[in-house]
Amino acid sequence: MSEALDFKSATLYAVRLVLHSADPQRLEEALAQRMKDAGGFFENEPVVIDASRLEEETLDWPRLLAVLQSHKLPAIGVVAEGGNLEAARAAGLVPVDLSATATRVAPAAAQPADVEPPEADQAPVAARSSAALELAVEAAATPAPSTPAMIVNRPLRSGQRIYARNTDLVVIGMVSQGAEVIADGNVHVYGPLRGKAMAGARGDTSARIFTTQLDPELLAVAGVYRVVEDKLDAQVHGKAALVSLQGETLKIEALGE
């Protein structure tokens with residue numbers, strides 16, 4: 001007779017929500033702005049709520065969880081102390097130890113890409129958000145890619161998401177608006193990149209995004225992201241381009257010129 005269940009190891013990647021205030025109104029406004037700026041990039045991602053900085057303020061946990069749910073952010077754990085920890089437990093959250101993880105934060109004062117954008121694209125994505133919270137990508141210490149690159153030999157339609165774990169991702173074809181390509185290593189798109197692309201998903205700051213035609217909705221490297229609401233500068237828009245991380249800034253440069 002076969003066993004009814006097994007315990008097996010698993011590695012979970014989650015968004016860490018860092019709280020700087022217990023004011024529910026401020027948190028709701030900040031979260032709404034962040035999710036708007038990210039263009040749905042964090043939707044349906046598991047969330048660990050980090051309330052460790054709130055030593056003397058008590059959160060309204062049921063209200064916070066309801067707001068997260070309304071933004072399609074399922075909360076799976078908490079980092080907190082004292083009364084907030086007990087209240088979080090009572091709300092159904094499980095304490096999580098993040099001490100062994102590496103973190104990349106989309107900073108509250110991130111700068112736009114080094115290529116000067118047109119006037120309508122001057123504002124950096126994260127600078128439009130309130131400092132009441134931060135969104136961070138939590139991951140285990142990043143190993144070098146140890147498996148062959150994942151090759152997708154077809155265009156990706158809106159709503160499709162491809163993730164290359166522990167390796168590079170190569171897409172031969174168009175990445176349409178609404179599609180997402182994610183890799184722990186580099187992302188290569190041999191065709192128009194019109195959707196969302198994230199390299200270094202586990203925190204690898206040396207990861208890069210390459211494409212033969214750059215026209216994205218969102219770019220991210222190691223958790224530092226930029227939403228592209230208007231066209232990029234003519235130097236890179238629609239051109240073969242490279243996206244890399246320089247400190248806490250995304251750098252976009254044309255290739256072959």
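Hydrogens, waters and symmetry mates play no part in the numbers below; they use all other heavy atoms, side chains included.
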Side chain S158, main chain A179, donor-acceptor under 3.5 Å: no
Short side-chain donor-acceptor distance under 3.5 Å, S21 and D23: no
Interatomic spacing from NE2 in H188 to CG in L193 - rounded to 0.5 Å: 12.5 Å
Residue among K72, R161, H71 satisfying side-chain contact (heavy atoms from CB on, under 4.5 Å) with N44: K72
Considering all heavy atoms, the nearest I182-A201 contact: CG2-CB, 3.7 Å
Least distance between heavy atoms, D50 atom then R16 atom: OD2-NH1, 2.6 Å
D184 side-chain N/O to N166 backbone N/O, donor-acceptor pair under 3.5 Å: yes
By salt bridge (charged side-chain N to carboxylate O under 4.0 Å, His left out) - contacts of E28 (at least two apart): R63
Distance-only side-chain donor-acceptor flag, D233 / Q235, under 3.5 Å: yes
Co-membership, hydrophobic cluster, residues I162 and V221, 4.5 Å side-chain: yes
Under 3.5 Å donor-acceptor, T212 side chain and G191 backbone: yes
Spacing of D60 atom CG and Q25 atom CD [to the nearest 0.5 Å]: 12.0 Å
Over 12 non-hydrogen atoms of neighbours within 6.0 angstrom of CD in E81: no
Y190-V175 co-clustered via ILVMFWY side chain contacts under 4.5 Å: no
Nearest heavy atoms of A75 and L68, plus distance in Å: CB-CD1, 4.2 Å
Atom pair CG/OG of L242 and S244 - distance to nearest 0.5 Å: 5.0 Å
Shared hydrophobic cluster, L73 / V227 (ILVMFWY, side-chain heavy atoms < 4.5 Å): yes
Close side-chain approach of L31 to V67, heavy-atom, < 4.5 Å: yes
For the student: nearest non-hydrogen atoms of V170 and A149, plus distance: CG2-CB, 4.3 Å
L219 CG to M198 CE distance, which is reported to the nearest 0.5 Å: 11.5 Å
L232 vs P216 side-chain heavy atoms within contact, under 4.5 Å: yes
Single-linkage hydrophobic cluster, 4.5 Å side-chain cutoff, V187 and V152 together: yes
Verdict with reasoning, V243 to F210, per side chain to side chain contact (heavy atoms under 4.5 Å, CB included): CA-CA 7 Å; V243 182; F210 304 86; over 6 Å; no
Short side-chain to backbone donor-acceptor contact, S176 and L156, under 3.5 Å: yes
Side-chain (E217) to main-chain (G178) donor-acceptor, under 3.5 angstrom: yes
Side-chain donor or acceptor of E29 paired with backbone N/O of R26 under 3.5 Å: no
Test item: W61 and I49 side chains (from C-beta on) under 4.5 Å apart, heavy atoms: yes
Backbone of L59 reached by a side-chain donor or acceptor of N84 within 3.5 Å: yes
Spatial distance of atom NZ (K196) from atom OH (Y225) [nearest 0.5 Å]: 11.5 Å
The single option from R194, K239, H237 passing side-chain contact (heavy atoms from CB on, under 4.5 Å) against Q213: R194
Criterion side chain to side chain contact (heavy atoms under 4.5 Å, CB included) on V78 and L85, from CA distance to verdict: CA-CA 8 Å; V78 65; L85 178 57; 4.2 Å; yes
Side chain proximity check, N186 to L169, heavy atoms < 4.5 angstrom: no
Steps toward side chain to side chain contact (heavy atoms under 4.5 Å, CB included) verdict (L19, R53): CA-CA 7 Å; L19 306 182; R53 304 184 187 189; over 6 Å; no
Taking every non-hydrogen atom, the tightest pair across G185 and A207: O-CB, 3.5 Å
Path from M174 to V189 over hydrophobic side-chain contacts below 4.5 Å: no
Criterion side chain to side chain contact (heavy atoms under 4.5 Å, CB included) on I209 and L214, from CA distance to verdict: CA-CA 10 Å; I209 298 171; L214 184 67; 5.9 Å; no
R208 side chain vs S206 backbone, donor-acceptor pair below 3.5 Å: yes
Heavy-atom side-chain proximity of V171 to N153 below 4.5 angstrom: no
From R154 atom CZ to I172 atom CD1, the distance as rounded to the nearest 0.5 Å: 11.5 Å
Considering all heavy atoms, the nearest Y163-M150 contact: O-CE, 3.4 Å
Heavy-atom donor-acceptor pair, D168 side chain to A183 backbone, under 3.5 Å: no
